Amino acid sequence: MEAARDEAIARGDLTIPHASELPAVRIERPARAEHGDFATNAAMQLAPMAGMAPMRIAAALVAAVHLPEAMASAEVAPPGFINLRLEPGWVADQVAEMLDAGSAYGRVPVLRPRSVNVEFVSANPTGPLTLGNARGAFVGDLLCRVLEAVGHRVTREYYFNDFNAQVRNLGLSVLARRKDEPIPEDGYHGAYVADLAANLPDETWAAATAPGADPGEVLGRWASERVRAGIEESLQRLGVRFDVWTSEGSLYRERWVDRAIEQLRTAGDVYEKDGATWFRSSRLGDDKDRVVYRSNGQPTYFASDIGYLAQKFSRGFDELIYLWGEDHHGTVARNRAAAQALGFDPQSVHWLLMAWVRFVRDGTEIGMSKRAGEFVTLDELLAEIGPDAARWFFGSRATTTGIDFDIELAKRQSNENPVYYVQYAHARCRSILRNATDRGVEPSTEQARDLLRHPAEQALIRELLRLPDVISDAAARRETHEVPKYCLEVANLFSQFYRDCRVLTDDPDEGRFSAARLALVDAVRLVLANSLGTLGISAPETM
RNA sequence: GCGCCGGUAGCUCAGUGGAUAGAGCGUUGGCCUCCGGAGCCAAAGGCCGCAGGUUCGAAUCCUGUCCGGCGCGCCA
């Protein structure tokens with residue numbers, strides 16, 4: 001199209017005064033089928049500088065354009081759009097291309113694959129994962145899958161505290177349970193604390209109660225590791241796995257924190273005031289400076305963050321992604337400042353914030369407090385609605401959108417969940433393919449160009465052609481919710497095709513289409529399997 | 001008070017300056033001789049929170065305002 005523009009200018013059909021800067025021609029996919037497969041607003045964008053009516057410019061562009069083989073036509077539409085249509089035979093031929101690509105179809109590698117660290121969930125190991133952690137677990141996993149689909153090397157990382165006050169409180173809660181004393185005020189009241197106390201090994205108990213021992217520390221360390229292992233198992237049940245588990249304590253043992261802060265001090269970004277040590281984050285966009293060492297000498301949580309940034313970058317990642325709840329958004333500015341002050345490209349660190357999930361049961365909000373012991377666990381959610389439906393639910397929403405999650409509603413709707421509609425379409429493809437094998441019918445794309453001309457077939461293939469764009473966009477935007485939408489669209493168009501185009505038949509007249517349509521069914525199966533796979537959702541043979 | 005994120009159909013949510021604003025669920029009405037009815041078709045349902053502005057064109061960008069969530073610690 002840009003070539004057409006230049007040619008139109010050369011021919012004198014289009015005059016742009018004093019070689020103005022020409023905007024790049026943008027091609028989009030129109031919302032309506034009658035507007036073609038692609039469209040561009042180039043003529044309307046050129047109109048002000050050319051001083052010509054958009055319709056006339058569009059006509060000049062169309063006259064000058066050399067359509068590639070895949071394109072059937074370019075038409076002008078008011079108020080100045082140019083609509084492009086794909087050649088139906090080319091469209092039909094793409095079924096063979098998709099089947100050749102197989103499981104790689106839709107996975108278009110980016111130009112520059114990066115090594116990306118994605119940190120998510122990172123809940124403190126002071127209790128089982130709750131519904132509150134569900135969104136982070138699914139969104140993070142989906143994000144990793146999408147990034148991997150376009151060729152990035154992804155490390156999934158979980159960061160947890162193993163020595164702070166919360167862990168100590170957990171230890172003291174276990175102690176109280178064990179001794180049948182009241183749980184401390186800041187302690188944890190959930191039933192799992194009693195389980196921990198009951199399963200305490202004798203040697204741990206002995207170590208905790210030995211003379212001079214710190215029971216809170218000893219029991220906290222033991223209990224938090226046990227809880228952490230339980231979290232890992234829960235996540236595995238969700239289909240979420242992590243490559244690296246990093247403890248806050250290791251950042252101190254390996255001296256990442258003090259070395260990073262010394263580096264900042266050398267650079268003049270750290271100073272002492274009121275007995276505390278401060279990082280000059282206000283110099284780099286934060287509202288105010290932040291304490292890294294308290295006046296009692298203890299590091300703040302932010303100090304750990306700084307050390308962690310240095311530790312992660314030392315491992316050679318090109319990009320760091322933090323997936324946080326939006327309640328942490330106030331800490332982003334200081335972390336960004338720290339990354340910059342440490343000499344890292346701020347463009348290579350991203351903090352993605354997820355809006356809060358409001359959990360309601362029949363209209364009233366329910367709290368999620370580990371400390372009070374009032375929560376629904378992730379395992380309970382899974383038992384109620386299943387991992388596929390849960391993945392679909394959280395994967396279908398933009399991360400910036402607040403969600404109202406009604407557990408009763410989710411249970412009731414789990415049977416009507418759109419995910420089953422998509423899985424059903426996949427199972428139906430499989431069923432048709434099985435029936436074909438029984439009848440001895442083989443899929444073939446040999447005559448597809450001539451045979452796959454039905455509107456339902458053409459619409460379906462054109463949708464299948466979108467998969468690479470959908471995956472690439474999701475990875476570039478770091479938002480996955482377009483993928484479930486796309487699955488739904490494919491399943492819907494497949495149903496229409498299934499209604500209008502008989503695949504297997506005893507009718508000899510209709511039978512000549514069988515092999516080509518079977519290949520199309522196979523392509524639909526492939527696209528559904530690949531896109532569901534990107535979501536971590538199963539693509540069943542039967543339902 | 002200041003900052004960040006939201007406000008779109010009855011509900012839950014898409015919508016990356018373009019053409020008549022969409023989907024799922026729910027509601028209403030149709031469709032089972034035939035490859036899987038967990039399906040298909042149709043209908044009803046919208047001052048895109050409100051008011052200005054920018055633009056040939058605004059749900060989208062800017063300003064103001066209202067409502068909701070979150071954050072503003074030597075907590076994490």
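Chain letters run A, B, ... following the sequence lines, proteins first, then strands; residues in each count from 1. Fair warning: this is a prediction, and the values are worked out from it, not measured in the lab.
- Close to B:rC41, at under 4.0 Å from its OP1 or OP2, lies a side-chain N or O of A:Gln496.
- Side-chain proximity of A:Ile432 to B:rA14, B:rG36, B:rA76: nearest is B:rG36.
- Here the separation of B:rG69 from B:rU12, taken at their P atoms, is 15 Å to the nearest Å.
- Applying the 5.5 angstrom centroid cut-off and the 30 degree plane-angle cut-off, the aromatic ring of A:Phe81 is stacked upon the base of B:rA19.
- The side-chain hydrogen bond (donor to acceptor under 3.5 Å, both in side chains) test with A:Asp286 is passed by exactly one of A:Lys288, A:Arg283, A:Arg290: A:Arg290.
- Each of A:Pro79 and A:Thr542 was matched to the nucleotide of RNA chain B holding its nearest heavy atom; the match closer to the 5' end belongs to A:Pro79.
- In this model, a side-chain donor or acceptor of A:Asn41 finds a partner on the base of B:rG18 within 3.5 Å.
- Look at B:rG3: its Watson-Crick or wobble partner, with both distances under 3.5 angstrom, is B:rC70.
- Applying the 4.0 Å criterion to OP1 and OP2 of B:rC40, one finds that A:Tyr421 has a side-chain N or O inside that range.
- Salt bridge annotation for A:Arg265-A:Glu272: present, with a cationic side-chain nitrogen under 4.0 angstrom from a carboxylate oxygen.
- The existence of a salt bridge linking A:Glu482 and A:Arg477 is excluded, since no basic side-chain nitrogen approaches an acidic carboxylate oxygen closer than 4.0 Å.
- Along RNA chain B, the nucleotide nearest A:Gln45 and the nucleotide nearest A:Leu504 are compared for position; the residue whose nucleotide lies closer to the 5' end is A:Gln45.
- Distance check on atom P: B:rG26 versus B:rA21 gives 25 Å, rounded to whole Å.
- Spacing of C1' atoms, B:rC35 relative to B:rC40, comes out at 15 Å, to the nearest Å.
- With both pairing distances under 3.5 Å, B:rA19 is matched to nothing as a Watson-Crick or G-U wobble pair.
- In the set B:rG18, B:rC40, B:rG36, the nucleotide with an atom closest to the side chain of A:Asn492 is B:rC40.
- The base of B:rA38 lies outside donor-acceptor range of the side chain of A:Asn417, with no N or O pair under 3.5 Å.
- Contact annotation for A:Thr277: no contact, since no heavy-atom pair falls under 4.0 Å across all strands.
- Taking the charged nitrogens against the carboxylate oxygens, A:Asp186 and A:Arg168 have no contact shorter than 4.0 Å, which rules out a salt bridge.
- Between A:Trp278 and A:Tyr271, the two ring planes are parallel [angle under 30°; tilted spans 30° to 60°].
- Using a 4.0 Å cut-off between charged nitrogen and carboxylate oxygen, A:Arg29 and A:Asp469 count as a salt-bridge pair.
- Across all strands shown, B:rC11 is found opposite B:rG24 as a Watson-Crick or G-U wobble partner, with both distances under 3.5 Å.
- Using Watson-Crick or G-U wobble geometry with both donor-acceptor distances under 3.5 Å, B:rC34 finds no partner in any strand shown.
- The phosphate of B:rA76 has OP1 or OP2 within less than 4.0 Å of a side-chain N or O from A:Arg294.
- A distance of about 40 Å separates the C1' atoms of B:rU65 and B:rU28, rounded to the whole Å.
- Of the candidate nucleotides B:rA14, B:rG73, B:rU16, B:rA14 has the atom lying nearest to any side-chain atom of A:Arg397.
- Within the structure, every side-chain polar atom (N or O) of A:Arg334 is placed at least 4.0 Å from both OP1 and OP2 of B:rG71.
- In this structure, B:rA58 makes no Watson-Crick or G-U wobble pair, since no nucleotide meets both defining distances under 3.5 angstrom.
- OP1 and OP2 of B:rG22 both lie 4.0 Å or more from every side-chain N or O belonging to A:Lys485.
- Across all strands shown, B:rA76 forms no Watson-Crick or G-U wobble pair with both distances under 3.5 Å.
- Comparing B:rG69, B:rU20, B:rA76 against the side chain of A:Asn124 picks out B:rA76 as the nearest.
- Look at A:Asn296 and you won't find any side-chain N or O under 4.0 angstrom from OP1 or OP2 of B:rC74.
- Taking only side-chain nitrogens and oxygens, A:Tyr420 never comes nearer than 4.0 Å to OP1 or OP2 of B:rG39.
- Of all nucleotides listed (B:rA19, B:rG15, B:rA38), B:rA38 comes nearest to the side chain of A:Tyr424.
- Using P as the reference atom, B:rC48 and B:rA19 are 15 Å apart when rounded to the nearest Å.
- For the P atoms, the distance linking B:rG22 with B:rU54 amounts to 28 Å, nearest Å.
- Salt bridge A:Lys485/A:Glu489: absent, no basic N to carboxylate O contact under 4.0 Å.
- The phosphate of B:rA14 (OP1 or OP2) has no side-chain N or O of A:Ser396 nearer than 4.0 angstrom.
- B:rA38 and B:rC25 are spaced 14 Å apart, taking the C1' atom of each and rounding to whole Å.
- A:Asn83 comes within contact range of at least one nucleobase, with a heavy-atom separation under 4.0 Å.
- Nucleotides B:rC62 and B:rU55, compared at atom C1', are 12 Å apart to the nearest Å.
- A:His35 qualifies as a stacking partner of the B:rA19 base, centre to centre under 5.5 Å and near-parallel within 30°.
- On a pure distance criterion of 3.5 Å, a polar donor-acceptor pair joins the side chain of A:His329 and the base of B:rG3.
- Between A:Asp506 atom CG and B:rU33 atom C1' the separation is 13 Å, expressed in whole Å.
- Not one side-chain nitrogen or oxygen of A:Thr505 sits closer than 4.0 Å to the OP1 or OP2 atom of B:rC35.
- With hydrogens and angles ignored, a donor-acceptor pair under 3.5 angstrom links the side chain of A:Ser295 to the base of B:rC74.
- Within the structure, a side-chain polar atom (N or O) of A:Arg499 is placed less than 4.0 Å from OP1 or OP2 of B:rC41.
- Ring planes of A:Phe394 and A:Phe138: parallel class, angle under 30° (limits at 30 and 60°).
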